Amino acid sequence: VGALPEPIEALLGAALAGELTVIDPAGRPVTHPMIPLYDGELIYLTSSVLFSKKLEHIKENPKVSLSISDPVAARVEPFNRATIQGDATVDDSDLHSGWERVLPLWRKKEPVIDAFLGKRVALPLFFERAVIEVRPRRAFLWEGGDTSRPPQVFELAKAVA
Amino acid sequence: VKDVLATLGERFSHAVIVYVGEDGYPVSVATEFEADAERGVVELRAVADELQPPLDDRISVVFSHIRPQPGVGYDERRYVSLWGKVTRGEDGYVLTPERELGWDEEDVPFFEYSERSLPQAKRYYERVSREQGREVKPQLSRGWLFLRATRLPFLSATIVPILLGTAVAGLDKGFNWWVFLLTLVGGCVVHLAINVFNDVYDFQSGADEANVTPTQFSGGSRVILYGLLSERTMAMLAWGFYALGLAIGIVLAATRGWDLLWLGVAGLLVGFFYTAPPLRLVHRGLGEVAVFAGFGPIMTLGAYFVQAREYAWAPFLISIPVGILIALVLYVNEVPDRPGDAAADKRTLPVRFSKRAIINGYIASVAAAFAVILVLPFLDVTPWPTLIALLAVPLALPVVRALRDAYDKPYVLMPAMGKNIQLHLVTGLLLIAGYVIAIVADAAFDDPPSFLS
């Protein structure tokens with residue numbers, strides 16, 4: 001049993017893209033479409049140094065949310081929608097290969113990643129990546145995907161200080 | 001923003017309302033939407049009361065789309081993020097966007113988007129270096145780095161004329177293995193030196209930085225720009241290659257004839273001043289002439305001379321089509337580079353001339369190259385079997401088509417750039433095969449049939 005309710009785990013397992021929202025220094029939310037990975041405890045997202053502004057924002061403010069909202073990008077039956085709020089940390093201790101620890105999860109969701117990785121020489125900076133680890137704190141689930149109805153709310157962990 | 005709103009409904013299936021909740025965590029809730037470009041607003045269906053966005057305040061609304069392609073990955077990646085004031089509407093809320101940002105890979109290909117993001121990567125490396133108290137740089141395995149820094153696959157431009165010059169000598173005068181191998185190594189290291197120097201000077205001139213649409217075949221190695229190697233390391237690498245090439249050239253001149261020296265010096269100077277100041281031949285629209293001379297007559301004649309110990313007209317004349325076709329490789333590869341080249345005052349031929357002139361120039365040059373191949377056997381300069389090189393002509397057709405259809409689309413043009421390199425390689429190899437057939441026929445028959453000699 002993972003940290004998240006099963007329908008949300010199913011969404012995370014299927015979603016090719018979710019919307020990660022971070023908060024910029026002015027306090028505004030900034031959203032980035034990303035591939036979410038999940039190991040039963042933490043949600044992982046990897047970000048290239050090319051698109052690393054979000055990493056800087058997380059380092060300043062770890063509060064994030066991830067929504068799985070697109071039935072095309074997350075094919076599960078029946079379709080649900082979910083938003084997970086959590087506390088994020090950035091692991092950029094080894095930008096070159098540190099992120100490869102989540103490669104098995106990534107490969108499971110997107111098998112073609114190995115082919116892309118084989119062409120690393122073509123776009124080397126794209127594969128210089130940090131890992132964003134999100135510890136879920138609260139989750140909202142809309143069964144059937146209808147967000148006009150009240151969501152099921154799951155309190156999962158205490159907020160960071 | 002109005003332009004974005006006009007197509008929002010066609011491009012996205014849903015919206016995500018995003019704001020920061022009272023506890024400081026972002027809240028993101030999907031909903032249905034309708035964009036009204038005339039009024040400049042987006043109408044959003046109401047979400048559950050407990051997640052209602054702060055009315056009369058500013059929020060973000062995000063639209064995201066991706067199409068999974070099983071086994072391939074995905075395509076149609078695009079997103080739009082709108083920022084503006086949200087008010088109560090008839091069935092929900094009304095967003096009046098003030099700002100938008102986003103990306104659509106149909107408008108800006110992913111490779112270009114990545115190149116445009118390079119300054120952010122540099123800022124991040126600086127930050128991580130400060131945080132970790134050591135210099136953090138991007139990496140690539142040594143093998144890949146060498147391949148990328150030297151642009152090793154382009155060595156076909158050197159291998160073809162050296163093989164051809166050797167083959168011509170093989171028919172006329174004979175063949176010496178160690179001389180051939182030394183020539184091949186010497187030619188290759190000088191070529192690598194030219195490639196690496198080209199990168200150093202393109203980095204210094206700003207041409208690399210200004211080019212945001214590099215491809216597999218154009219835009220240089222970019223190893224300095226990416227921070228994979230320093231300018232100093234690249235310069236040292238280039239000088240090392242030049243020194244080795246010079247040493248091999250001196251050995252060959254000393255053992256095969258000092259008349260080789262003039263050709264070698266010409267080759268080194270043309271290669272060095274291809275991008276190096278003060279001549280910067282490629283900046284003056286003379287890059288094609290330099291490449292023609294260096295990888296056509298100079299390489300072919302040099303390879304012939306070291307075998308035959310004399311100069312002759314045949315290797316010079318047959319080097320002309322090979323030189324033209326390799327110059328056309330540069331010519332086509334400069335097409336996607338032209339905005340960046342123009343910004344760096346690198347006035348290549350595609351920067352100077354119109355699309356129509358460039359395409360006509362390509363067709364005329366290909367025709368000239370193959371006309372030379374066709375005519376030379378009739379003048380008794382080359383053996384008849386070299387006519388098999390004419391089989392390569394169809395490879396030029398997709399290049400012409402792509403230049404017509406994708407002149408302004410670097411990544412659509414890329415396969416044609418590969419085909420253009422094949423045109424040079426296949427033509428050169430078929431010419432060499434023609435000579436080999438003639439050599440074999442010469443050895444096999446006392447009086448070989450005329451069509452084989």
Side-chain angles (χ1 to χ4, degrees), chain A residues 16-17 19 21-23 27-33 48-53 55-56 59 61 63-67 69-73 75 81 83 85-86 92-93 95-97 110-113 115-116 120-126 128 130 137-138 140 142 145 147-151 153 159, chain B residues 13-14 16 18-21 23-31 45-51 58-60 62 64-69 71-74 77 79 81 83 92 111 113-114 117-118 120-121 123-125 127-128 131-132 136 138-141 144-145 147-148 216 223 226-228:
Chain A
L16 196 54
E19 295 92 25
T21 300
V22 301
I23 299 173
R28 289 178 300 227
V30 186
T31 303
H32 307 267
S48 163
V49 293
L50 290 164
F51 315 113
S52 52
K53 203 166 256 181
L55 303 174
E56 296 183 323
K59 285 182 178 185
N61 185 343
K63 294 179 177 176
V64 301
S65 74
L66 175 74
S67 57
S69 63
D70 184 0
V72 176
R75 289 183 178 169
R81 281 190 163 118
T83 294
Q85 293 174 323
D92 53 12
S93 54
L95 290 166
H96 184 64
S97 53
E110 194 189 1
V112 77
I113 189 62
F116 291 145
R120 187 173 190 155
V121 65
L123 196 50
L125 293 192
F126 180 71
E128 296 282 306
R137 177 181 175 264
R138 183 188 294 133
F140 303 91
W142 290 271
T147 55
S148 65
R149 293 164 55 189
V153 183
Chain B
S13 63
H14 66 286
V16 179
V18 185
Y19 59 94
V20 179
D23 59 0
Y25 283 87
V27 177
S28 39
V29 191
T31 191
R45 194 187 68 163
V47 299
D49 286 346
E50 56 266 56
L51 293 171
R58 282 173 176 76
I59 65 162
S60 172
V62 177
S64 172
H65 173 83
I66 189 170
R67 186 171 68 171
Q69 294 281 11
V72 180
Y74 38 73
R77 285 171 294 180
Y79 79 95
S81 177
W83 175 259
F111 277 90
Y113 188 51
S114 296
S117 304
L118 207 52
Q120 173 60 33
R123 277 195 296 274
Y124 195 68
Y125 273 109
R127 177 180 177 139
V128 174
E131 287 171 352
Q132 298 188 10
V136 179
Q139 300 169 44
L140 205 53
S141 70
W144 284 122
L145 190 56
L147 182 115
R148 180 155 193 142
Q216 189 181 346
V223 292
Y226 290 168
L228 290 162

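Residue numbering restarts at 1 for every chain, and letters A, B, ... go by the order of the sequence lines. Atoms considered below: every heavy atom in the structure, side chains included; atoms not considered: hydrogens, waters and symmetry mates. Since we're looking at a predicted model, the values are computed, not measured.
When side chains are defined from C-beta on, Pro124(A) does not count as touching Pro138(B), because their heavy atoms never get closer than 4.5 Å. Residues Val16(B) and Thr31(A) are not in side-chain contact: their nearest non-hydrogen atoms beyond the backbone lie 4.5 Å or more apart. Counting only heavy atoms from C-beta outward, the side chains of Leu140(B) and Val121(A) approach each other to under 4.5 Å. Counting only heavy atoms from C-beta outward, the side chains of Val72(A) and Pro68(B) approach each other to under 4.5 Å. Residues Ser69(A) and His14(B) meet the side-chain proximity criterion, which asks for heavy atoms closer than 4.5 Å. Here the side chains of Asp70(A) and Ser13(B) are in contact, with some heavy-atom distance below 4.5 Å.
Only the side chain of Val128(B) has a heavy atom closer than 4.5 Å to any heavy atom of chain A. Only the side chain of Ile23(A) comes within contact range of chain B, judged by heavy atoms closer than 4.5 Å. Both the backbone and the side chain of Val18(B) have a heavy atom closer than 4.5 Å to some heavy atom of chain A. Only the side chain of Leu228(B) comes within contact range of chain A, with at least one heavy atom under 4.5 Å from a heavy atom of that chain. Proximity to chain A is limited to the side chain of Phe111(B), based on heavy atoms less than 4.5 angstrom apart. For Val136(B), the part sitting under 4.5 Å from any heavy atom of chain A is the side chain, from C-beta outward, and nothing else. For chain B, the nearby part of Arg81(A) is the side chain; its heavy atoms alone come within less than 4.5 Å. For chain A, the nearby parts of Asp23(B) are the backbone and the side chain; heavy atoms of each come within less than 4.5 Å. No part of Gln216(B) comes within reach of chain A, as not one of its non-hydrogen atoms sits under 4.5 angstrom from that chain.
Within 6.0 Å of NZ on Lys53(A) lie no more than 12 heavy atoms contributed by other residues, nucleotides or ligands. Other residues, nucleotides and ligands contribute at most 12 non-hydrogen atoms within 6.0 Å of the CZ atom of Arg149(A).
By the salt bridge (charged side-chain N to carboxylate O under 4.0 Å, His left out) test, Arg127(B) pairs with Glu60(A), Glu131(B), sequence neighbours left out. Applying the side-chain contact (heavy atoms from CB on, under 4.5 Å) test to Pro151(A) and every residue at least two apart in sequence or in another chain returns Phe140(A), Trp142(A), Val153(A), Ala48(B), Glu50(B), Leu51(B).
Chain B forms more heavy-atom pairs under 4.5 Å with one residue of Pro71(A), Gly86(A), Ser48(A), Ala130(A) than with any other, namely Gly86(A). Per-residue counts of heavy-atom pairs under 4.5 Å with chain A were compared for Gly21(B), Ser117(B), Pro26(B); the largest is that of Pro26(B). Across Gly24(B), Ser141(B), Gly92(B), the residue that shares the most heavy-atom pairs under 4.5 angstrom with chain A is Gly24(B). Counting heavy-atom pairs under 4.5 Å between each of Ser114(B), Ser64(B), Ser60(B) and chain A puts Ser114(B) at the top. The most heavy-atom pairs under 4.5 Å with chain B, out of Ser148(A), Pro150(A), Ala73(A), come from Ser148(A).
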Exercise for review: Carefully, step by step, assess Glu56(A) and Tyr124(B) under the rule side-chain contact (heavy atoms from CB on, under 4.5 Å).
Suggested key: CA-CA 8 Å; Glu56(A) 296 183 323; Tyr124(B) 195 68; 3.9 Å; yes
**Study point:** Derivation and outcome, side-chain contact (heavy atoms from CB on, under 4.5 Å), residues Leu95(A) and Tyr125(B)
**Key:** CA-CA 9 Å; Leu95(A) 290 166; Tyr125(B) 273 109; 3.7 Å; yes
Practice item. Go through Tyr25(B) and Arg137(A) one step at a time and tell me if the side-chain contact (heavy atoms from CB on, under 4.5 Å) criterion holds. Key: CA-CA 10 Å; Tyr25(B) 283 87; Arg137(A) 177 181 175 264; 3.2 Å; yes
**Study point:** Residue pair Lys63(A), Val20(B): steps toward the side-chain contact (heavy atoms from CB on, under 4.5 Å) verdict
**Key:** CA-CA 10 Å; Lys63(A) 294 179 177 176; Val20(B) 179; over 6 Å; no
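The aromatic rings of Phe116(A) and Tyr74(B) sit tilted relative to each other, their planes meeting at an angle between 30° and 60°.
Under the 3.5 Å distance criterion, with hydrogens and angles disregarded, no donor-acceptor pair is assigned to the side chains of Glu19(A) and Tyr79(B).
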